[in-house]
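To keep things clear, I will list the structure first and then write my remarks on it.
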Amino acid sequence: PVTPFVYSYWTVPGSQDARPTVGLIGLGNMGSAFAERLLEAGYPLHVYNRTSGKAEELVAAGALAAGSAADLTSRVDVVLTSLADDDAFEAVAAEVVAAARPGTVLVDMSTVSPGASARVASLAEDASVEYLRAPVSGNPTVVRAGNLSFVVSGPRETLERVQEII
């Protein structure tokens, strides 16, 4: 099913302050804008990019840098990816899935092919990792304004757990 949604804040039943720890992999123009929004909203955020220098400004703003996608995954509840293409996404997703605990949520915000997404979905299912496909429509300015559109597919229950994050 495809479910569009709007930004809001995460709350866990019984606790108004509990928020999941979020990891973001891919700090290009879009990924950096996503990270800024997450930090502004007060989420505990871990970041990783192959070019580590891209994380410096985010670390100065409160994010924690990870040394690899696996390192990031071991620290977080939800992994967001914003990557350039199928090859980058599949390589990172394989590392994420291998390092994830059962129940970890992987949300891909990249624009990738249906084939790449299906292969990652199969890997995730085998490892009990929850996977949402959430390609975006917009640009960094739209992200920073909080007006980005997502088209999300995956289990409704998983979306309900993380919709306030994305």
Side-chain angles (χ1 to χ4, degrees), residues 2-5 7 10 19-39 41 43-55 58-59 63-140 142-144 148-155 158-159 161-166:
V2 176
T3 308
F5 56 91
Y7 282 102
W10 172 284
R19 291 183 178 207
T21 302
V22 179
L24 177 62
I25 300 172
L27 301 176
N29 291 330
M30 291 295 281
S32 293
F34 294 139
E36 291 167 12
R37 292 277 303 170
L38 289 164
L39 287 169
Y43 285 94
L45 180 65
H46 296 256
V47 295
Y48 171 71
N49 197 77
R50 287 177 300 178
T51 307
S52 60
K54 289 190 173 189
L58 295 167
V59 169
L64 298 171
S68 67
D71 178 38
L72 177 141
T73 303
S74 71
R75 303 178 190 184
V76 303
D77 304 305
V78 179
V79 177
L80 307 175
T81 56
S82 179
L83 300 162
D85 56 33
D86 286 8
D87 292 339
F89 173 55
E90 287 191 77
V92 166
E95 194 174 339
V96 166
V97 168
R101 298 175 309 278
T104 298
V105 178
L106 170 60
V107 180
D108 179 46
M109 301 180 296
S110 314
T111 300
V112 297
S113 72
S117 186
R119 288 186 293 275
V120 170
S122 180
L123 280 175
E125 183 177 359
D126 290 347
S128 298
V129 171
E130 299 177 45
Y131 173 52
L132 294 174
R133 299 155 188 89
V136 299
S137 176
N139 58 50
V142 174
V143 173
R144 289 181 178 99
L148 192 66
S149 296
F150 291 81
V151 178
V152 180
S153 67
T158 304
L159 173 60
R161 284 183 49 209
V162 302
Q163 74 181 29
E164 290 83 8
I165 296 170
I166 54 177

Carefully, step by step, assess I165 and L38 under the rule side chain to side chain contact (heavy atoms under 4.5 Å, CB included).
CA-CA 7 Å; I165 296 170; L38 289 164; 3.8 Å; yes

Worked verdict on V22 versus D77 for side chain to side chain contact (heavy atoms under 4.5 Å, CB included):
CA-CA 6 Å; V22 179; D77 304 305; over 6 Å; no

L45 vs L64, side chain to side chain contact (heavy atoms under 4.5 Å, CB included): CA-CA, chis, key distance, verdict:
CA-CA 6 Å; L45 180 65; L64 298 171; over 6 Å; no

Would you please test S117 and Y131 for side chain to side chain donor-acceptor pair (under 3.5 Å) and show each step?
CA-CA 10 Å; S117 186; Y131 173 52; 2.9 Å; yes

Could you give me the CA-CA distance, side-chain angles and deciding distance for V92 and V96, then say whether side chain to side chain contact (heavy atoms under 4.5 Å, CB included) is met?
CA-CA 6 Å; V92 166; V96 166; 4.1 Å; yes

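Annotation: the span from M30 atom CE to S82 atom OG amounts to 6.5 Å, rounded to 0.5 Å.
Side-chain atoms of N49 never come within 3.5 Å of backbone atoms of S52 as a donor-acceptor pair (strictly under, hydrogens ignored). Of the possible donor and acceptor atoms, one in the side chain of R19 sits under 3.5 Å from a partner among the backbone N and O of A41. A donor-acceptor pair under 3.5 Å links the side-chain atoms of E95 to the main chain of A70, judged by distance alone. In this structure, the side chain of R101 engages the main chain of V76 through a donor-acceptor pair within 3.5 Å. A donor-acceptor pair under 3.5 Å is formed between the side chain of S110 and the backbone N or O of L83. A donor-acceptor distance shorter than 3.5 angstrom exists from the side chain of T73 to the backbone of A69, with no hydrogens or angles considered. Remark: side-chain polar atoms of T51 are not paired, donor with acceptor, to backbone N or O of K54 under 3.5 angstrom. Checking side-chain atoms of S32 against main-chain N and O of L27 turns up a donor-acceptor pair under 3.5 Å.
Atom CZ of R50 has 12 or fewer neighbouring heavy atoms from other residues, nucleotides or ligands inside a 6.0 Å radius. The number of heavy atoms from other shown groups lying within 6.0 Å of CG (N29) does not exceed 12.
With sequence neighbours excluded, no residue satisfies salt bridge (Lys or Arg N to Asp or Glu O under 4.0 Å) with D86.
Proximity of Q163 to L132: side-chain heavy atoms (C-beta onward) are nowhere separated by under 4.5 Å.
Under the salt bridge (charged side-chain N to carboxylate O under 4.0 Å, His left out) criterion, the residue pairs touching residues 66-75 are D71-R75, with sequence neighbours excluded.
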